[in-house]
Protein chains: 2
Amino acid sequence: MKPERQLDIFLAALRGSDLRITPSRRAIVQALLCAARPLSAEELCHEACRTHPGVGLASVYRTLEALQSFKYIRQVQLGRRVFVFACMDESQHAHLICSVCHQLTECDLSAIAGTFQQSIGRVGFQPATNAIEIVGTCSACQ
Amino acid sequence: MKPERQLDIFLAALRGSDLRITPSRRAIVQALLCAARPLSAEELCHEACRTHPGVGLASVYRTLEALQSFKYIRQVQLGRRVFVFACMDESQHAHLICSVCHQLTECDLSAIAGTFQQSIGRVGFQPATNAIEIVGTCSACQ
DNA sequence: TCGTTATTGATAATAATTCTCAATTATAAC
DNA sequence: GTTATAATTGAGAATTATTATCAATAACGA
Ligand SMILES: [Zn+2]
Ligand SMILES: [Zn+2]
Ligand SMILES: [Zn+2]
Ligand SMILES: [Zn+2]
């Protein structure tokens with residue numbers, strides 16, 4: 001999905017709640033959606049400042065919390081640093097995250113989605129998202 | 001696999017490196033292997049002290065780091081707390097982790113293991129472990 | 001436009017993790 | 001068993017990530 005479309009979806013979710021659309025929030029979400037790899041809160045703050053100077057780290061965390069409550073992003077811990085990434089995809093797929101270079105690769109799982117859901121659903125478990133994060137090493141870093 | 005067997009495997013790994021087997025380490029590993037659910041570092045420290053009083057939190061973190069370097073455990077973040085758990089299973093399976101009650105349920109994925117590995121391996125990705133962690137809500141907490 | 005109320009950024013406070021260091025101890029060689 | 005060496009220990013300090021606080025600002029419906 002295109003970042004612009006994802007941005008619209010998030011803004012609509014904001015309107016649906018008692019949350020307001022501010023330049024800071026817009027900059028933070030936009031930066032997150034356009035990032036090619038998972039970003040830390042501080043990196044995200046720095047990026048957001050490029051389009052809206054002066055964005056505070058606290059606002060970044062607040063926005064991330066909102067995004068999490070909407071189930072639009074998830075936190076992933078790599079080693080000793082925490083990275084945050086966005087994903088609003090509807091399809092069942094995996095995020096292959098390299099612990100060395102932090103590159104994120106999307107991996108389609110539609111072929112096994114059915115059986116997968118079945119295995120999980122058998123015990124009555126409800127996944128928070130339909131994207132699975134798998135940490136490891138990418139082909140370039142092995 | 002039984003905790004005693006897992007303990008032996010870890011101790012053997014220690015001997016293979018330049019790491020020594022101490023009462024503290026033994027207590028920490030044992031506590032981790034016997035825990036029925038993911039434990040935080042502090043909880044683990046408390047548990048380890050039951051068999052070997054005085055275990056320091058720093059030693060817990062050091063031991064956890066060693067276990068991680070051997071790929072025997074992984075850190076999983078749930079909300080704002082970090083949990084640590086052990087898994088030395090060889091089989092391809094999923095860890096269904098409830099974000100409400102923090103219960104960990106094992107879910108066999110042997111049926112789709114082949115296709116799954118194929119999907120991931122296609123892009124040359126090497127998973128750090130053969131267990132996938134999936135966060136969500138268990139049947140009791142929905 | 002105006003009033004209400006959420007949001008802001010800076011800063012302080014908290015919590016998790018890592019670092020430091022002198023004392024201890026596991027391990028291997030003798 | 002003794003001894004030498006180097007890893008490990010626990011306590012506490014230092015660091016780092018995250019959250020709470022607060023007065024000033026700004027979004028948005030009326
Ligand atoms: Zn995705
Ligand atoms: Zn890589
Ligand atoms: Zn397992
Ligand atoms: Zn539960």
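To find a chain, count down the sequence lines: A is the first, B the second, and so on, and within it residues start at 1.
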Query raised in the report: Quick one: is A:Gln75 getting a side-chain N or O under 4.0 Å of the D:dA17 phosphate, OP1 or OP2?
Result: no

Query raised in the report: OP1, OP2 of D:dT8 versus side-chain N and O of B:Ser59: anything below 4.0 Å?
Result: no

Report summary line: Applying ring pair (Phe, Tyr, Trp, His ring centres under 6.0 Å) to B:His93 and not counting sequence neighbours gives B:His95

Out of [options], whichever nucleotide has its closest atom nearest the side chain of [X]:
| X | options | result |
| --- | --- | --- |
| B:Ala58 | D:dG12, D:dA17, C:dA26 | D:dG12 |
| A:Tyr61 | D:dT8, C:dT17, D:dA17 | D:dA17 |
| A:Arg62 | C:dA16, D:dT21, D:dT19 | D:dT21 |

Report task. Give me the bend of the helix from C:dT1-D:dA30 to C:dC30-D:dG1, using the axes of the five pairs at each end, rounded to 10°. Result -> 50°

Is the closest side-chain heavy-atom distance between [X] and [Y] below 4.5 Å?
| X | Y | answer |
| --- | --- | --- |
| B:Val123 | A:Cys107 | no |
| A:Glu42 | A:Glu47 | no |
| B:Ile97 | B:Thr105 | no |

Query - A:Arg20 (side chain) and D:dG29 (base): donor-acceptor pair under 3.5 Å - result: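 No pair found.
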
Report summary line: Judged by nearest nucleotide, the residue sitting upstream toward the 5' end of DNA chain D, A:Leu19 or B:Asp18, is B:Asp18

Using atom types as modelled, flag every donor-acceptor pair under 3.5 Å from a side chain in residues 7-32 of chain A to any protein atom, sequence neighbours excluded.
unit_1, atom_1, unit_2, atom_2, d
A:Ser17, OG, A:Ala13, O, 3.3
A:Thr22, OG1, A:Arg25, N, 3.2
A:Arg25, NH1, A:Arg20, O, 2.7

